[in-house]
2 protein chains.
Amino acid sequence: MKANASPDTIPPRGHEAKRISIMEAAGEVFCRESFAGANIDMIAAEAGVSRQTIYNHHGDKEKLFVAIVRDLTERCNAGIFATISTFPDQPKDLEADLIAFAVRMNRNCVCNRDGKFLRKLIQTEGERYPELFAEWREQGPGRTWPAIAARFARLAHAGFLDIDDPDVAARQFLALANAELQTTFMLGGTPDDDEVLQSATHGVRTFLRAFGKRQPAADAQKHSALAGA
Amino acid sequence: MKANASPDTIPPRGHEAKRISIMEAAGEVFCRESFAGANIDMIAAEAGVSRQTIYNHHGDKEKLFVAIVRDLTERCNAGIFATISTFPDQPKDLEADLIAFAVRMNRNCVCNRDGKFLRKLIQTEGERYPELFAEWREQGPGRTWPAIAARFARLAHAGFLDIDDPDVAARQFLALANAELQTTFMLGGTPDDDEVLQSATHGVRTFLRAFGKRQPAADAQKHSALAGA
DNA sequence: GACGAATTAGACAAGAGTGTCTAAATTTAT
DNA sequence: ATAAATTTAGACACTCTTGTCTAATTCGTC
């Protein structure tokens with residue numbers, strides 16, 4: 001059946017290409033038109049594929065939708081964890097490093113294609129597929145918030161920050177980082193690099209005014225003289 | 001035609017009752033099902049009205065939708081300005097007063113029925129009706145952000161806060177105030193009073209750590225001893 | 001109680017979308 | 001080249017929805 005001369009269980013090749021372009025097109029269309037407003041012919045046209053092929057691959061519209069959301073959830077979480085792993089645990093310049101982190105977070109997880117799509121699909125159809133989005137909630141916010149909070153806790157413990165509740169601080173950090181992008185998000189727009197940087201810069205400055213060490217001792221005095229390593 | 005014995009231009013009574021229940025039901029259904037997913041029979045049933053009555057009142061589905069959004073926009077803006085007018089210009093207890101304001105803002109403008117509906121409709125259908133939502137943008141964020149910023153500027157000028165850019169501060173204030181409500185919003189939920197208070201309290205505390213006067217003079221020393229009036 | 005306006009239920013045509021089926025064309029690997 | 005699998009276009013039945021129409025009923029008012 002499936003065990004050919006090919007090395008592993010991967011099925012034929014052209015298949016996969018079709019599958020991918022269907023997934024991409026479907027994400028785009030579901031996102032733009034909502035589940036009810038999307039129709040299979042639209043997706044087929046956008047994917048450059050015949051309608052029947054979509055039915056061959058995914059069975060029906062609902063199964064296709066679920067597959068899309070699962071796929072997006074997975075990819076987004078991977079991206080978020082990859083970005084979290086770049087958190088500045090040993091910052092040279094705390095402000096600059098946190099700004100850069102906030103920019104990465106926004107660019108790679110919030111403003112990118114997958115992030116935008118997943119967010120919109122969750123908001124639009126979340127109530128209709130409770131268990132699907134419960135899954136997202138557990139895998140996403142349920143694991144990413146604590147991960148970020150742990151990084152901030154470590155930073156505080158190392159004496160770089162003055163934080164009472166790392167969970168609260170983590171949520172506020174991200175809220176501040178995209179405080180100025182909200183209106184753009186509302187209408188489905190994508191902030192450009194400049195807006196992202198602006199928002200991150202203002203957000204991190206405020207964050208540090210709130211949680212930065214007042215007069216650390218001697219070494220965390222920043223932004224006047226740069227003592228290179 | 002319309003000038004009966006009745007005092008002013010208000011048409012018959014039962015009419016208005018129907019109109020209102022149609023508007024309410026339509027808001028609910030459009031919001032729950034999205035424009036494409038909503039159907040007139042659903043709205044009619046939910047409004048306790050016959051399908052034909054909806055067509056009599058609003059012409060067609062699209063006109064009905066536009067009417068709903070216009071109505072929500074108007075009501076929401078009214079609510080926001082009413083709430084802004086309760087901003088603590090002469091705070092007795094800055095932290096407590098700002099928390100109370102943040103709670104009012106969230107409860108009356110963000111978490112209430114109209115706020116939830118308008119936000120979801122904008123996110124879901126915003127791209128499909130550019131001019132309708134441009135209108136919202138001008139009347140809403142375009143006028144409310146500056147209004148709030150002006151209040152913060154005044155507070156800063158009066159010596160209660162240490163703010164560089166009131167526009168940034170205003171956006172960050174609101175971002176902080178509902179930083180902890182985001183996940184709930186995502187799935188269409190409504191935060192309860194406790195969550196709102198928590199989020200506002202944490203948000204305002206952080207806001208004041210960032211923008212509060214460090215050592216004002218003698219009176220703003222809080223949260224250790226309570227000097228009753 | 002009677003009048004006119006508004007509402008109602010139901011039927012209706014027209015259109016759009018889903019999911020299935022078939023036979024031809026194309027791809028992939030042997 | 002040949003055989004198997006996949007894709008394709010098109011037709012199809014079926015369902016759902018929109019928006020119109022009609023005739024009967026209800027409502028508000030005088």
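Predicted model only: the values in this text are computed from it and were never measured. In what follows, every chain begins at residue 1, and chains take the letters A, B, ... in the order their sequences are listed.
- Here the C1' atom of nucleotide dT27(C) and the CG atom of Asn56(A) are 15 Å apart, to the nearest Å.
- Residues passing the ring pair (Phe, Tyr, Trp, His ring centres under 6.0 Å) test with Phe185(A), sequence neighbours excluded: none.
- Partners of Thr53(A) by side-chain hydrogen bond (donor to acceptor under 3.5 Å, both in side chains), not counting sequence neighbours, listed by chain and number: Ser50(A).
- For the pair Thr53(B) and dT7(C), the criterion of a side-chain N or O lying under 4.0 Å from OP1 or OP2 is not met.
- The CG-C1' distance, from Asn39(A) to dC16(D), rounds to 14 Å in whole Å.
- Applying the side-chain hydrogen bond (donor to acceptor under 3.5 Å, both in side chains) rule to Arg205(A) yields the partners Glu95(A); only residues at least two apart in sequence or on another chain are considered.
- Counting only residues at least two apart or in different chains, side chain to side chain donor-acceptor pair (under 3.5 Å) contacts with residues 71-91 of chain B comprise Asp71(B)-Arg75(B), Arg75(B)-Asp114(B), Thr86(B)-Arg104(B), Asp89(B)-Arg151(B).
- Backbone-only engagement by His57(A) is indicated by non-hydrogen atom pairs under 4.0 Å involving sugar-phosphate atoms exclusively.
- Each end of the helix from dG1(C)-dC30(D) to dT30(C)-dA1(D) gets its own axis, taken as the rotation carrying the C1' atoms of four end pairs onto the next four within a five-pair window, and the two axes meet at 40° to the nearest 10 degrees.
- Classified by interplanar angle (parallel below 30°, tilted 30° to 60°, perpendicular above 60°), the ring pair Phe101(B)/Phe87(B) is perpendicular.
- Within the nucleic acid shown, Ala38(A) comes within 4.0 Å of sugar-phosphate atoms alone, with no base atom in reach, counting heavy atoms only.
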Let me have a per-nucleotide readout for nucleotides 19-24 of chain C, 5' to 3', with B, S or -, counting only protein heavy atoms under 4.0 Å.
BBB---
Anything under 3.5 Å between a donor and an acceptor, one on a side chain of residues 37-49 of chain B, the other on a protein residue two or more places apart or in another chain? List them.
residue  : atom : partner  : partner atom : Å
Asp41(B) : OD1  : Arg51(B) : NH1          : 2.5
Glu46(B) : OE1  : Arg32(B) : NH2          : 3.4
Glu46(B) : OE2  : Arg32(B) : NH1          : 3.2

Sequence neighbours left out, cut at 3.5 Å: what donor-acceptor pairs do the side chains of residues 130-142 of chain A make with other protein atoms?
residue   : atom : partner  : partner atom : Å
Glu135(A) : OE1  : Arg70(A) : NE           : 3.3
Glu135(A) : OE1  : Arg70(A) : NH2          : 3.0
Glu135(A) : OE2  : Arg70(A) : NE           : 2.8

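- For Lys61(A), the side-chain hydrogen bond (donor to acceptor under 3.5 Å, both in side chains) criterion is met by no residue, not counting sequence neighbours.
- A donor-acceptor contact shorter than 3.5 Å links the side chain of Asp60(A) to the backbone of Lys63(A).
- Judged as a side-chain hydrogen bond (donor to acceptor under 3.5 Å, both in side chains), and not counting sequence neighbours, Ser21(A) has no contacts.
- Regarding contacts with the backbone of dT8(D), a side-chain N or O of Lys18(A) is found under 4.0 angstrom from either OP1 or OP2.
- For residues 19-64 of chain A, the set of pairs meeting the ring pair (Phe, Tyr, Trp, His ring centres under 6.0 Å) definition, not counting sequence neighbours, comprises His15(A)-His57(A), Phe30(A)-Phe35(A), Phe30(A)-Phe65(A), Phe35(A)-Phe65(A).
- Using a 4.0 Å cutoff on non-hydrogen atoms, no part of residues 23-35 of chain B comes near DNA chain C.
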